[in-house]
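For reference, the structure is listed below as structure tokens.
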Amino acid sequence: MNHLNKLTILESKEDISFIEINELTESVGWGKNFYPTKDRWEKTLTDSAYIAYIRQSDKLICFGRIVEDGQTCMFYDICVHPDYQKQSIGSLLMNHLINKIKNKNYISIGLFVWSGNATASDFYKKFGFEMVPAMELKKYMKQI
């Protein structure tokens, strides 16, 4: 665990590039060009209340973000490069993001987990997330 002390959580939206976020999301199996354009990526950053990420030797190894509107809050795009999983780096990132919002009295705090992803579900449950019914307008969604 002491290796975590050497990691720094970064939050600058200006220092994370379109190319490297797509490399990270592709490495975790979200497909090529998860963010299809640089404009879409920049809008994502602008619309995110908080972002957090970690680099190891200048390589982006994990990322996560939060979108909020004053009443509700959602965690998005939580990912850790496969070479760095199972090292508590994801937990470090999640705890950092949770600390940003835990005292804001939101009526809803959530995230999405793709069905069948028991590993991610179990990971998020460690932080107190619970499975609840939800609905999506899938016919207009990008297929991943």
Side-chain angles (χ1 to χ4, degrees), residues 1-115 117-132 134 136-138 140-144:
M1 278 286 220
N2 64 357
H3 70 283
L4 295 178
N5 295 335
K6 297 176 183 170
L7 298 175
T8 301
I9 297 176
L10 305 167
E11 297 179 336
S12 172
K13 294 179 180 181
E14 291 79 30
D15 295 332
I16 184 166
S17 78
F18 170 68
I19 291 170
E20 65 186 344
I21 191 61
N22 273 326
E23 288 173 351
L24 178 61
T25 56
E26 186 174 1
S27 78
V28 297
W30 295 358
K32 191 164 183 65
N33 296 321
F34 181 74
Y35 291 99
T37 66
K38 187 174 181 183
D39 287 343
R40 177 84 59 96
W41 169 240
E42 289 171 356
K43 180 167 178 27
T44 298
L45 287 176
T46 298
D47 292 349
S48 298
Y50 304 101
I51 70 161
Y53 54 98
I54 297 173
R55 295 182 186 284
Q56 181 75 40
S57 302
D58 292 328
K59 177 181 179 180
L60 182 65
I61 62 169
C62 77
F63 177 81
R65 65 188 184 93
I66 295 174
V67 174
E68 52 114 24
D69 64 7
Q71 285 288 90
T72 62
C73 147
M74 290 291 291
F75 286 67
Y76 286 104
D77 305 340
I78 308 297
C79 56
V80 178
H81 190 284
D83 294 346
Y84 296 89
Q85 292 177 5
K86 308 283 188 221
Q87 298 177 37
S88 299
I89 294 169
S91 294
L92 180 70
L93 182 81
M94 283 299 294
N95 285 321
H96 179 82
L97 289 170
I98 289 168
N99 283 334
K100 295 285 186 186
I101 56 89
K102 68 182 181 184
N103 296 319
K104 292 196 173 195
N105 294 319
Y106 292 115
I107 62 170
S108 175
I109 300 171
L111 55 78
F112 294 105
V113 177
W114 289 329
S115 64
N117 192 344
T119 301
S121 295
D122 291 344
F123 174 74
Y124 295 126
K125 286 177 183 176
K126 293 189 305 185
F127 301 95
F129 285 92
E130 301 174 24
M131 286 291 197
V132 297
E136 294 181 324
L137 191 57
K138 287 194 171 263
Y140 298 113
M141 293 170 52
K142 174 181 175 181
Q143 297 302 310
I144 298 177

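The model shown is predicted, which means the values in this text are computed figures rather than measured ones.
- Between I61 and Q87 there is no side-chain heavy-atom pair separated by less than 4.5 Å.
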Decide yes or no on side chain to side chain contact (heavy atoms under 4.5 Å, CB included) for I9 and L7, but give the supporting numbers first.
-> CA-CA 7 Å; I9 297 176; L7 298 175; over 6 Å; no

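- The side-chain contact (heavy atoms from CB on, under 4.5 Å) test applied to F112 returns M74, Y76, E136, not counting sequence neighbours.
- Residues T119 and K86 have side chains in contact (heavy-atom distance under 4.5 Å, counting atoms from C-beta outward).
- Smallest separation of non-hydrogen atoms from V113 and S121: CG1-OG, 3.4 Å.
- In this structure, the separation between SG on C73 and CD1 on I107 is 11.5 Å, given to the nearest 0.5 Å.
- You'll find the side chain of V80 stays beyond 4.5 Å of the side chain of L93, heavy atoms only.
- The side-chain heavy atoms of F34 and L24, taken from C-beta on, include no pair separated by under 4.5 Å.
- Within the structure, the ring-ring contact (aromatic ring centres under 6.0 Å, His included) test picks out the following pairs touching residues 50-72 (sequence neighbours left out): W41-F63.
- When atom types are taken as modelled, the side chain of S12 and the backbone of E14 share a donor-acceptor pair closer than 3.5 angstrom.
- The OG1 atom of T37 sits 9.5 Å away from atom CG of N22, with the distance rounded to the nearest 0.5 Å.
- More than 12 heavy atoms of other residues, nucleotides or ligands sit less than 6.0 Å from atom CG of D122.
- With values rounded to the nearest 0.5 angstrom, D39 atom CG is found 10.5 Å from T44 atom OG1.
- Within 6.0 Å of the NZ atom in K43, the count of heavy atoms belonging to other residues, nucleotides or ligands does not exceed 12.
- Here the closest heavy-atom approach between residue C79 and residue W30 is recorded as CB-CH2, 3.9 Å.
- I51 has its side chain within reach of L45: a pair of non-hydrogen atoms, C-beta onward, lies under 4.5 Å apart.
- Ring-centre distance between F129 and F75: below the 6.0 Å cut-off.
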Stepwise salt bridge (charged side-chain N to carboxylate O under 4.0 Å, His left out) test for R55 and E20 | CA-CA 11 Å; R55 295 182 186 284; E20 65 186 344; 2.7 Å; yes

Report the C-alpha distance between Q56 and I89 in whole Å, list the side-chain angles of each, state the deciding distance to 0.1 Å, and finish with yes or no for side chain to side chain contact (heavy atoms under 4.5 Å, CB included).
-> CA-CA 11 Å; Q56 181 75 40; I89 294 169; 6.0 Å; no

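- Across all non-hydrogen atoms, the minimal contact from P82 to S27 is CG-O, 3.1 Å.
- The aromatic rings of H81 and Y84 stand perpendicular to each other, their planes meeting at an angle above 60°, with 30° marking the opposite boundary.
- K104 is not listed as a side-chain neighbour of I109, based on a closest heavy-atom distance of 4.5 Å or more.
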Verify side chain to side chain contact (heavy atoms under 4.5 Å, CB included) between D77 and T25, making sure each step is shown before the conclusion.
-> CA-CA 8 Å; D77 305 340; T25 56; 5.8 Å; no

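- The two residues L97 and I66 have their closest heavy-atom pair at O-CD1, 3.5 Å.
- In this structure, CG on L60 lies 7.0 Å from SG on C62, to the nearest 0.5 angstrom.
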Check the pair H96, I54 against side chain to side chain contact (heavy atoms under 4.5 Å, CB included), reporting the backbone distance first and the verdict last.
-> CA-CA 11 Å; H96 179 82; I54 297 173; over 6 Å; no

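- Residues M94 and Y124 meet the side-chain proximity criterion, which asks for heavy atoms closer than 4.5 Å.
- Proximity of E11 to K100: side-chain heavy atoms (C-beta onward) are separated by under 4.5 Å at one or more points.
- Within a 6.0 Å sphere centred on NZ of K13, other residues, nucleotides and ligands contribute more than 12 heavy atoms.
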